[in-house]
Amino acid sequence: QFQLIESGGGLVQPGGSLRLNCTASGFTFRLNAIAWFRQVSGKEREGVACITHNGLSMHYVDSVKGRFTLARDNAKDTVYLQMSSLKPEDTGVYYCAERLGGPLACPPVIDRSEWHSWGQGTQVTVSS
């Protein structure tokens, strides 16, 4: 059974940093791209960033470029989303998801309909 668990969310002041973790089990993690999404109540779930199976390629939505950084440790079945210079508009529930594939599995446009095995999410609140 494919399972993803997000952690690391919390309350942070504007300009602060957080690191989110997405830990996988039940599948061969090193074969799968991982994407992060966020959702604000009443709005669609938005693709934020994705990383290819081998960690050699990443894509970020324009609103987080230069502030968010992805990394993965396939030995630990974990993807990290380092978030810096956080803004109130970054507030939301952050989810990770997976899809099988090579470089094309992590396209510039991250369409939620193409991703699977959603975790339960972790809340990020950016507020003073």
Side-chain angles (χ1 to χ4, degrees):
Q1 180 181 352
F2 286 30
Q3 186 173 22
L4 296 170
I5 299 176
E6 303 92 341
S7 62
L11 172 64
V12 63
Q13 292 187 341
S17 298
L18 279 176
R19 190 182 78 168
L20 304 185
N21 306 320
C22 173
T23 302
S25 63
F27 63 98
T28 308
F29 182 73
R30 59 181 171 80
L31 298 180
N32 292 60
I34 299 292
W36 283 94
F37 296 77
R38 65 184 174 196
Q39 188 167 22
V40 178
S41 179
K43 294 189 175 181
E44 292 288 321
R45 194 170 295 186
E46 171 194 29
V48 173
C50 69
I51 185 168
T52 53
H53 67 295
N54 55 10
L56 294 182
S57 181
M58 288 79 77
H59 290 290
Y60 302 90
V61 68
D62 285 346
S63 60
V64 308
K65 281 181 181 176
R67 301 189 298 120
F68 289 13
T69 303
L70 278 168
R72 68 188 293 160
D73 185 343
N74 285 347
K76 296 183 178 179
D77 291 349
T78 300
V79 164
Y80 307 98
L81 181 66
Q82 179 68 48
M83 306 187 297
S84 304
S85 302
L86 282 163
K87 305 175 181 180
E89 51 264 43
D90 294 318
T91 294
V93 180
Y94 283 70
Y95 300 88
C96 60
E98 56 81 21
R99 61 182 290 194
L100 186 65
L104 296 180
C106 181
V109 177
I110 306 167
D111 183 344
R112 62 171 290 188
S113 68
E114 298 175 350
W115 296 84
H116 317 291
S117 308
W118 298 89
Q120 83 289 348
T122 186
Q123 176 71 45
V124 172
T125 302
V126 184
S127 174
S128 55

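The analysis underlying the following values was restricted to heavy atoms, covering all of them including side chains, and did not include hydrogens, waters or symmetry mates. Heads up: numbering here begins at 1 and tracks the sequence.
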Please determine whether residues Trp36 and Leu18 belong to a single hydrophobic cluster, defined as Ile, Leu, Val, Met, Phe, Trp and Tyr linked transitively by side-chain heavy-atom distances below 4.5 Å. yes
Is there a side chain to side chain contact (heavy atoms under 4.5 Å, CB included) between Lys87 and Arg67? Walk through the geometry before answering. CA-CA 10 Å; Lys87 305 175 181 180; Arg67 301 189 298 120; 3.8 Å; yes
Indicate yes or no for a side-chain donor-acceptor contact from Gln3 to the backbone of Ala24 under 3.5 Å, with no hydrogens or angles considered. no
Would a 4.5 Å heavy-atom cut-off, applied to side chains only, mark Ile51 and Ser57 as touching? no
Can you hop from Phe29 to Tyr95 via hydrophobic side chains spaced under 4.5 Å? no
Sole candidate of Leu20, Asp90, Val93, Val124 that passes side chain to side chain contact (heavy atoms under 4.5 Å, CB included) when paired with Arg38: Asp90
Go through it in stages, so that I can follow the logic: the residues are Gln120 and Ile5, the test is side chain to side chain contact (heavy atoms under 4.5 Å, CB included), and I'd like the CA-CA distance, side-chain angles, deciding distance and then a yes or no. CA-CA 7 Å; Gln120 83 289 348; Ile5 299 176; 4.2 Å; yes
Gly9 backbone acceptor or donor facing Thr122 side chain under 3.5 Å: yes
Min side-chain heavy-atom separation Phe27-Leu100 under 4.5 Å: no
Does a side-chain heavy-atom distance below 4.5 Å link Glu98 with Phe2? yes
When you measure from the side chain of Thr78 to the backbone N and O of Lys76, does any donor-acceptor pair fall under 3.5 Å? yes
Would you check if the side chain of Arg72 reaches a backbone N or O of Thr52 as a donor-acceptor pair within less than 3.5 Å? yes
Identified side chain to side chain contact (heavy atoms under 4.5 Å, CB included) counterpart of Val12 within the set Thr125, Leu86, Thr91: Leu86
Evaluate the side-chain proximity of Cys50 to Trp115: yes if any heavy-atom separation is below 4.5 Å, no if none is. yes
With side chains defined as the heavy atoms from C-beta onward, is the minimum distance between Ser63 and Glu46 less than 4.5 Å? yes
Check whether Leu81 and Met58 end up in the same hydrophobic cluster, where Ile, Leu, Val, Met, Phe, Trp and Tyr are linked by side-chain heavy atoms less than 4.5 Å apart. yes
Among side-chain atoms of Asn21 and Thr23, is any donor-acceptor pair under 3.5 angstrom? no
Is the closest side-chain heavy-atom distance between Arg112 and Glu44 below 4.5 Å? yes
Single hit among Glu114, His53, His116 for side-chain hydrogen bond (donor to acceptor under 3.5 Å, both in side chains) with Arg99: Glu114
Contact check, side chains of Val109 and Pro107, non-hydrogen atoms, under 4.5 Å: no
Donor-acceptor contact present, side-chain Glu6 to main-chain Cys96, <3.5 Å: yes
Assess the pair Phe68 and Tyr60: is the distance between their ring centroids shorter than 6.0 Å? no
Could you tell me if Arg45 sits above the aromatic ring of Trp118, with its cationic atom closer than 6.0 Å to the ring centre and no more than 45 degrees from the axis? yes
According to a hydrophobic-cluster definition based on side-chain heavy atoms being under 4.5 Å apart (Ile, Leu, Val, Met, Phe, Trp, Tyr only), do Tyr94 and Ile110 belong together? no
Nearest-0.5 Å distance that lies between atom SG in Cys22 and atom CG in Leu4: 4.5 Å
Steps toward side chain to side chain contact (heavy atoms under 4.5 Å, CB included) verdict (Val79, Leu70): CA-CA 7 Å; Val79 164; Leu70 278 168; 3.8 Å; yes
Non-hydrogen side-chain atoms of Pro88 and Ser127 separated by less than 4.5 Å: no
